[in-house]
Colleague: 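My questions all concern the structure below.
None of these values were measured; they are calculated from a predicted model.
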Amino acid sequence: MELNSVLLLARQESLVAVDKRMLRHNGYLPFRRFSFMDSGLKAAQSLAFAAQARLDMPNLLVCDLPLADMTAVQFLSLIRLHTALRNLPVLLLGRPEDIKGREELEKLQPVVCLARPYTEAEFINALKSLSAKAADLPEAAPDPKNETAFR
């Protein structure tokens, strides 16, 4: 998985400033392009539109928890309904008490949770783990029932 474009999702952009620096300057896979959104629902809609219009898609979603408009499980459950978003890697960041529903999150792969504060080594290990999980997934097959549910 080539990782070079990231969508950062958080209540405020300042909450992911350190994460953005880590993404840009890590020794494993440095990222080059960043975009930011503050709503899980708007992010899901925007990603679906980009996929349908065959626009550039981010290679990674980084979500700062808790999200303003939904839980991580709700957000991942939503985007996993869309064929083009089903295998999109997601890195969830937050305090241990913010990362709830780990059992449910396991069903919504590829996703890795990383508790704050984290070290550079932990961050790189999370990226490696996410890359391996994404590589192991088969290509998503279209499912009209899920697409309808997404809309």
Side-chain angles (χ1 to χ4, degrees), residues 1-94 98-99 102 104-116 118-143 146-147 150-151:
M1 167 174 73
E2 182 183 336
L3 300 173
N4 60 18
S5 177
V6 180
L7 172 58
L8 299 160
L9 184 59
R11 294 176 317 285
Q12 298 174 19
E13 194 166 5
S14 63
L15 296 172
V16 290
V18 170
D19 309 311
K20 187 175 178 179
R21 277 194 301 276
M22 187 70 76
L23 287 161
R24 182 173 282 142
H25 301 293
N26 73 76
Y28 174 61
L29 287 171
F31 293 82
R32 303 283 181 247
R33 294 180 298 151
F34 299 90
S35 54
F36 172 79
M37 296 192 85
D38 61 3
S39 163
L41 180 60
K42 288 180 184 174
Q45 291 169 335
S46 175
L47 289 165
F49 174 79
Q52 184 176 1
R54 301 193 194 295
L55 301 174
D56 284 341
M57 295 279 292
N59 304 98
L60 174 68
L61 294 180
V62 175
C63 299
D64 179 64
L65 300 175
L67 298 174
D69 57 350
M70 60 183 65
T71 68
V73 171
Q74 289 170 328
F75 176 69
L76 286 171
S77 296
L78 176 61
I79 67 168
R80 297 303 187 225
L81 290 172
H82 196 285
T83 304
L85 308 178
R86 197 164 301 141
N87 293 344
L88 186 60
V90 179
L91 178 60
L92 298 176
L93 301 169
D98 295 331
I99 302 173
R102 286 191 185 257
E104 293 175 76
L105 290 172
E106 283 301 314
K107 299 173 192 167
L108 300 167
Q109 294 299 324
V111 62
V112 169
C113 302
L114 183 59
R116 295 184 190 276
Y118 56 79
T119 65
E120 182 177 2
E122 290 169 328
F123 187 81
I124 289 172
N125 286 337
L127 290 179
K128 288 179 179 178
S129 176
L130 194 53
S131 183
K133 286 180 179 189
D136 287 344
L137 290 175
E139 190 170 323
D143 183 342
N146 282 349
E147 298 288 331
F150 177 86
R151 284 191 285 283

Colleague: Checking Ala50 now: which residues fulfil side-chain contact (heavy atoms from CB on, under 4.5 Å) with it, not counting sequence neighbours?
Modeller: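 In terms of side-chain contact (heavy atoms from CB on, under 4.5 Å), with neighbours along the sequence ignored, Ala50 is linked to Leu55, Met57.
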
Colleague: So, using side-chain contact (heavy atoms from CB on, under 4.5 Å) as the criterion, who are the partners of Ala17 when residues are at least two apart?
Modeller: Arg21

Colleague: Please report the closest heavy-atom contact between Ala72 and Leu65, naming both atoms and the distance.
Modeller: CB-CD2, 3.6 Å

Colleague: Under the side-chain hydrogen bond (donor to acceptor under 3.5 Å, both in side chains) rule, collect the residues that match up with Ser46, sequence neighbours excluded.
Modeller: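 Result, side-chain hydrogen bond (donor to acceptor under 3.5 Å, both in side chains) vs Ser46: none returned.
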
Colleague: Does Gly40 offer a backbone N or O that forms a donor-acceptor pair with the side chain of Asp69 under 3.5 Å?
Modeller: yes

Colleague: Just so I know, are the side chains of Leu108 and Val90 near enough to count as touching, which here means a heavy-atom distance under 4.5 Å?
Modeller: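 Counting from C-beta outward, Leu108 and Val90 never come under 4.5 Å.
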
Colleague: So does Leu85 get a backbone contact from the side chain of Arg80, meaning a donor-acceptor N/O pair under 3.5 Å?
Modeller: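 Indeed, once roles are kept as given, a pair shorter than 3.5 Å links the two residues.
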
Colleague: Partners of Arg116 by side-chain hydrogen bond (donor to acceptor under 3.5 Å, both in side chains), sequence neighbours excluded?
Modeller: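 If we apply the side-chain hydrogen bond (donor to acceptor under 3.5 Å, both in side chains) test to Arg116, skipping adjacent residues, the hits are Asp19, Asp64.
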
Colleague: So which atom in Pro110 and which in Arg86 form the shortest heavy-atom distance, rounded to 0.1 Å?
Modeller: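 Closest approach of Pro110 to Arg86: CD-O, 4.0 Å.
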
Colleague: My understanding is that only residues two or more places apart in sequence, or in another chain, count here; which of them pass salt bridge (Lys or Arg N to Asp or Glu O under 4.0 Å) with Asp56?
Modeller: Arg33

Colleague: Can you find a pair of side-chain heavy atoms, one from Leu60 and one from Leu23, that are under 4.5 Å apart?
Modeller: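 Side-chain contact under 4.5 Å: yes.
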
Colleague: Give me each pair satisfying salt bridge (Lys or Arg N to Asp or Glu O under 4.0 Å) with a member in residues 124-133, each pair once, sequence neighbours excluded.
Modeller: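 Applying salt bridge (Lys or Arg N to Asp or Glu O under 4.0 Å) to every pair that reaches into residues 124-133, excluding sequence neighbours, yields nothing.
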
Colleague: Mind checking what makes side-chain contact (heavy atoms from CB on, under 4.5 Å) contact with Pro58, not counting sequence neighbours?
Modeller: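 So Pro58 forms a side-chain contact (heavy atoms from CB on, under 4.5 Å) with Ser5, Leu7, Leu47, Leu61.
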
Colleague: According to side-chain contact (heavy atoms from CB on, under 4.5 Å), who are the partners of Glu13, at least two apart in sequence or on a separate chain?
Modeller: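 Per chain and number, Glu13 pairs via side-chain contact (heavy atoms from CB on, under 4.5 Å) with Lys20, Phe36.
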
Colleague: Run the ring pair (Phe, Tyr, Trp, His ring centres under 6.0 Å) test against Phe123 and tell me which residues pass, sequence neighbours left out.
Modeller: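 Ring pair (Phe, Tyr, Trp, His ring centres under 6.0 Å) list for Phe123, sorted by chain: Tyr118.
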
Colleague: Determine the minimum heavy-atom distance between Ala44 and Ile79, stating which atoms define it.
Modeller: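 Taking Ala44 first and Ile79 second, the nearest heavy atoms are CB-CG2, 3.8 Å.
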
Colleague: Hey, does Leu78 have a side-chain heavy atom less than 4.5 Å from the side chain of Leu41?
Modeller: yes

Colleague: Taking the side chain as every heavy atom from C-beta outward, state whether Leu127 and Phe31 have any pair of such atoms under 4.5 Å apart.
Modeller: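 They are in side-chain contact.
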
Colleague: With sequence neighbours left out, which residue pairs that include part of residues 34-47 fulfil the salt bridge (Lys or Arg N to Asp or Glu O under 4.0 Å) condition?
Modeller: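 Sorted result for residues 34-47: empty, none.
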
Colleague: Gln52: what forms a side-chain hydrogen bond (donor to acceptor under 3.5 Å, both in side chains) with it, not counting sequence neighbours?
Modeller: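 Once residues adjacent in sequence are excluded, Gln52 has no partner under the side-chain hydrogen bond (donor to acceptor under 3.5 Å, both in side chains) criterion.
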
Colleague: Between the main-chain N or O of Val73 and the side-chain N or O of Ser77, is there a donor-acceptor pair closer than 3.5 Å?
Modeller: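 Here the side-chain-to-backbone pair exists.
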
Colleague: Rounded to the nearest 0.5 Å, what separates atom CG in Leu130 from atom CD in Gln109?
Modeller: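 Nearest 0.5 Å value for the CG-CD distance: 8.5 Å.
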
Colleague: Minimum heavy-atom separation for Ala43 to Met37, with atom names?
Modeller: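 Minimum heavy-atom contact is CA-SD, 3.5 Å.
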
Colleague: If the condition is side-chain hydrogen bond (donor to acceptor under 3.5 Å, both in side chains), which residues does Gln12 pass it with, not counting sequence neighbours?
Modeller: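 Ser14.
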
